[in-house]
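Worksheet: one structure, shown below.
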Amino acid sequence: MNRTRRPLIAGNWKMNGLSAASTSLAAELAARATDAARSGSLRADVLLCPPATLLAEVGRLVAGSPIATGGQDCHAEASGAFTGDVSAEMLADIGCRYVIVGHSERRSLHKESDAIVLAKASAALRAGLAAIVCVGETAAERDAGQALAVVERQLRGSAPSTSAAVVVAYEPVWAIGTGRTASPADIGEVHAHLRQVLKDHLGPKGNDVRILYGGSVKAANAGAILSTADVDGALVGGASLKADDFWGIVTAV
Ligand code: PEP
C-alpha cells in the first residue's frame with residue numbers, strides 16, 4: 001500500500017440483488033461509512049457497483065455518506081439505437097462517479113476485445129467518470145508463464161493513454177469467484193509490472209493511478225493482500241454482498 005494513493009475498496013454486486021435486501025445492505029454500509037468518517041477511522045474510498053436496476057435507489061441511499069456508486073459496464077456511445085445498453089453519460093446523470101470496464105466476465109462471456117474496452121473506458125472519461133479497467137490472466141496463461149505479458153497487453157490495449165482518471169484492477173481470472181486467491185508474492189509481482197507499464201503509458205501520472213487486486217478477497221485475507229506493495233485497494237465480488245463481509249475488508253485497510 002502506498003499512502004500517497006488513497007485506497008479504494010469497490011464492491012461489484014454483479015447480477016445480484018432485488019430491491020428489498022439491496023436497499024438494506026446499502027443503507028447499512030452508508031451508516032457504517034458515515035460513522036467511520038466522523039470518527040476519523042475511514043482509511044479508504046468506498047464504492048458500490050450494483051446492477052443497473054438498483055443504481056438510482058442505491059445512489060439515493062448512500063447520498064450524503066462517503067460511499068460512491070458506479071456502473072458495472074457502459075456502452076461506448078453516449079446515446080442511440082443500442083437496445084439494452086447503458087451509456088457512461090446515463091451513469092453520470094444518476095450520480096455515478098465510476099464505471100467498471102473490461103471485467104473478465106464481459107471479456108469472456110460478451111467477447112469484449114481490448115479495443116472495445118478502450119472505447120468504453122474513453123467514454124467513461126468523456127462523461128466525467130473514473131474508469132476501472134480490469135485486466136487478468138487465465139489459469140492456462142499463468143501456467144504457461146504468460147501472466148505478465150497478458151496483463152501488459154490488456155493494459156496497453158484497453159487503458160486510455162491521455163488521462164490518469166483511470167483505476168486498474170488486476171483480477172486473475174482463475175481467482176474470481178473460486179475461493180482461490182493469488183499469493184501476495186504473485187500479486188506484488190504483477191502490480192509492480194503494471195506500475196511500470198502505467199508510467200510508460202501515462203508518464204509520471206502513472207504513479208497516481210490506483211491498482212486494485214480482485215479475486216476472492218475476503219475479510220480474512222484482505223490484510224495480507226492490502227499490505228502488499230503497489231496494491232491500492234480491492235475489487236470485491238462475492239464478499240461485497242454482505243455488510244459484515246464487505247465492511248471487514250474496508251476496515252482491513
Ligand atoms: C469480481 O467479480 O470482480 C470478483 C473479484 O469476484 P470475487 O471477489 O467473488 O472473486
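All figures in this text were calculated on a predicted structure; none of them were measured in a lab. As the structure lists them, so they are numbered: ligands from 1, and atoms in each ligand from 1.
Heavy atoms of A175 come nearer than 4.0 angstrom to ligand 1 in at least one pair. Not a single heavy atom of K218 sits less than 4.0 Å from an atom of ligand 1. Not a single heavy atom of A239 sits closer than 4.0 Å to an atom of ligand 1.
With hydrogens and angles ignored, the 3.5 Å screen pairs a side-chain donor or acceptor of K111 with a backbone N or O of S108. Checking side-chain atoms of Q72 against main-chain N and O of C49 turns up a donor-acceptor pair under 3.5 Å. The closest donor-acceptor contact from the side chain of H201 to the backbone of A159 lies under 3.5 Å.
Nearest to atom 4 (C) of ligand 1 among the protein's heavy atoms is G237 N, 3.6 Å. If you check which protein heavy atom lies closest to atom 9 (O) of ligand 1, you get G238 N, 2.8 Å. Counting only heavy atoms of the protein, atom 3 (O) of ligand 1 lies nearest to E171 OE2, 2.7 Å. If you check which protein heavy atom lies closest to atom 1 (C) of ligand 1, you get H103 NE2, 3.3 Å.
Below 4.0 Å from some heavy atom of G215 lie the following atoms of ligand 1, by number and element: 5 (C), 10 (O). Applying the 4.0 Å criterion to heavy atoms of K14 picks out, from ligand 1, the atoms 1 (C), 2 (O), 6 (O). Within ligand 1, counting atoms from 1 as listed, the ones closer than 4.0 Å to a heavy atom of S216 are 7 (P), 8 (O), 10 (O). Interface of G177 with ligand 1, defined as ligand atoms under 4.0 Å from a residue heavy atom, comprises 7 (P), 9 (O), 10 (O).
A heavy-atom distance below 4.5 Å is found between the side chains of I211 and L198.
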- Stepwise salt bridge (Lys or Arg N to Asp or Glu O under 4.0 Å) test for D230 and R5: CA-CA 10 Å; D230 264 311; R5 295 183 294 267; 3.2 Å; yes
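Using cut-offs of 30° and 60° on the angle between ring planes, the pair Y213 and H191 is tilted.
When non-hydrogen atoms are compared, ligand 1 lies under 4.0 Å from the side chain of N12 (C-beta onward) but not from its backbone.
More than 12 heavy atoms of other residues, nucleotides or ligands shown are found within 6.0 angstrom of CG on L109.
A donor-acceptor contact closer than 3.5 angstrom links the side chains of E152 and H193.
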